[in-house]
Amino acid sequence: MKKWIKKSWLVAMGLVMVLSIGLAGCGKNNDTSLKKIKDSGTLVVGTSADYAPFEFPIVKNGKKQITGYDILIAQQIAKDMGVKLKVQNTEFSSLISDLKGNKVDLVISGMTDTPAREKQVAFSKSYYTVNNYLLVRKADANKYNTKADTKNAQIGAQQASTQEDIAKAQTSGNVVTEGLVTSLTTELQSGKLNGVVVESEIADNYVKNYPDKYAKAKIKLTTPKTDQHLSVAGRKGDKKLMKQVNKTITKLQKNGQMTKLLQKAQDIQAKYGTAK
Ligand code: ARG
């Protein structure tokens, strides 16, 4: 009899173990991130549309819309999922909390995959590599050649961006932050700021589109390795969604579309300009 009790205990324990392993496995399958979006039919992406050619507003057929390199990538991600894309425009500094607060499914906003952000959100594989410049007024093109030249200068950087860190560490100026890059460049033209730290593609975009107004200063800014890679951000638990995002990025990189989409964004900007 005693032996029999012992045996059934063992069997019971075994059952509990099998069950709990099974349940733990279910935990993994609880990731409904991808299914939820497919069921709803819409992928919601957060961005800060102050960043041509990556994201900027245009007026097309009398209607305002957000477009740009990141948005074209987002459209491909949505298309591969078989859903529509909805772009939600907000200031850059709010994007991570919007993502964590489930207001958006993904953030695609020229966002750098930094170690500090990795503590809060997950990142896709990188789709673009950047470095940084000090954008100045054309008339000041030769004024800021070294760090010492920025002493007493008013240096702008976007709030909560990697540019804020770079401006603080690598210039001797007074660093002023604003929510929007477009506010910073307006203040640069009005004389309130002497320079704005921006990423290469953005600096080039201003110089190309307004050659009489902007120039890249000669001061060399170093972009730390951790600040170089732009990626799509998602919630940490949304593993299936991120897997899908990476699938699209890999596809676009392999078939050459990834570089073509940047050109396409620049063509759109040339055709429609940027709206307010
Ligand atoms: N790459 C920089 C960062 O992640 C700046 C991104 C700014 N993006 C924007 N849409 N304004 O901090």
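Open room surrounds NZ on Lys86; 12 or fewer heavy atoms of other groups in view lie less than 6.0 Å from it. More than 12 heavy-atom neighbours from other residues, nucleotides or ligands sit within 6.0 angstrom of NZ on Lys251. Atom NZ of Lys247 is surrounded by 12 or fewer heavy atoms from other residues, nucleotides or ligands within 6.0 Å. Other residues, nucleotides and ligands contribute at most 12 non-hydrogen atoms within 6.0 Å of the NZ atom of Lys36.
Proximity of Glu164 to Gln158: side-chain heavy atoms (C-beta onward) are nowhere separated by under 4.5 Å. Counting only heavy atoms from C-beta outward, the side chains of Leu180 and Ser48 approach each other to under 4.5 Å. Taking 4.5 Å as the limit, some side-chain heavy atom of Tyr69 sits within range of a side-chain heavy atom of Met258. At a threshold of 4.5 Å between non-hydrogen side-chain atoms, the residues Arg235 and Lys100 do not count as touching. A 4.5 Å side-chain heavy-atom check between Lys213 and Lys138 finds every atom pair outside the cut-off. In this structure, the side chains of Ile71 and Ile108 stay at 4.5 Å or more apart for every pair of heavy atoms. Annotation: side chain of Gln189 is in contact with side chain of Tyr214 (closest heavy-atom distance under 4.5 Å).
The backbone N or O of Glu118 lies less than 3.5 Å from a partner atom in the side chain of Lys236, making a donor-acceptor pair. Asn194 places no side-chain N or O within 3.5 Å of a backbone atom of Ala153 that could act as its donor or acceptor partner. No side-chain donor-acceptor contact under 3.5 Å links Thr182 to the backbone of Asp50. The backbone N or O of Ser200 lies less than 3.5 Å from no partner atom in the side chain of Asn131, so there is not a single donor-acceptor pair. In this structure, the side chain of Ser172 does not engage the main chain of Lys151 through any donor-acceptor pair within 3.5 Å. Judged purely by atom type and a 3.5 angstrom limit, Thr223 uses its side chain to pair as donor or acceptor with the backbone of Asn132. With hydrogens and angles ignored, the 3.5 Å screen pairs no side-chain donor or acceptor of Asp70 with any backbone N or O of Glu55. Counting only distance, with no hydrogens or angles, the side chain of Ser183 and the backbone of Glu178 share no donor-acceptor pair below 3.5 Å. Of the possible polar contacts, one joining the Asp31 side chain to the Lys240 backbone as a donor-acceptor pair under 3.5 Å is found. For the pair Thr114 (side chain) and Arg117 (backbone), a donor-acceptor distance under 3.5 Å is present.
Taking each heavy atom of Ile37 and Met81 in turn, the nearest pair found is CG2-CE, 3.2 Å. The heavy-atom pair separating Phe123 from Ser231 by the smallest distance is CD2-CB, 3.8 Å. Nearest heavy-atom pair across Asn205 and Pro53 is ND2-CD, 3.5 Å. In this structure, Gly234 and Val121 approach most closely via the heavy-atom pair O-CB, 3.4 Å. Taking each heavy atom of Ile219 and Gln170 in turn, the nearest pair found is CD1-O, 4.0 Å. When all heavy atoms of Val45 and Ala74 are compared, the closest pair comes out as CG2-CB, 4.3 Å.
Between the side chains of Thr171 and Lys147, not a single donor N or O lies within less than 3.5 Å of an accepting N or O. Side-chain atoms of Asp227 and Thr112 form no donor-acceptor pair, as typed in the model, at a separation below 3.5 Å. Side-chain contact, Gln76 with Thr248: no donor N or O sits under 3.5 Å from an acceptor N or O. A donor atom on one side chain and an acceptor atom on the other are not found under 3.5 Å apart for Gln88 and Asp98.
No close placement of the Tyr51 and Phe92 rings is indicated, their centers lying 6.0 Å or farther apart.
Partners of Ala160 under the side-chain contact (heavy atoms from CB on, under 4.5 Å) rule, at least two apart in sequence or in another chain, are Ser93.
Under a hydrophobic clustering in which Ile, Leu, Val, Met, Phe, Trp and Tyr are joined whenever their side-chain heavy atoms come within less than 4.5 Å, directly or via other members, Leu43 and Leu72 fall into the same cluster.
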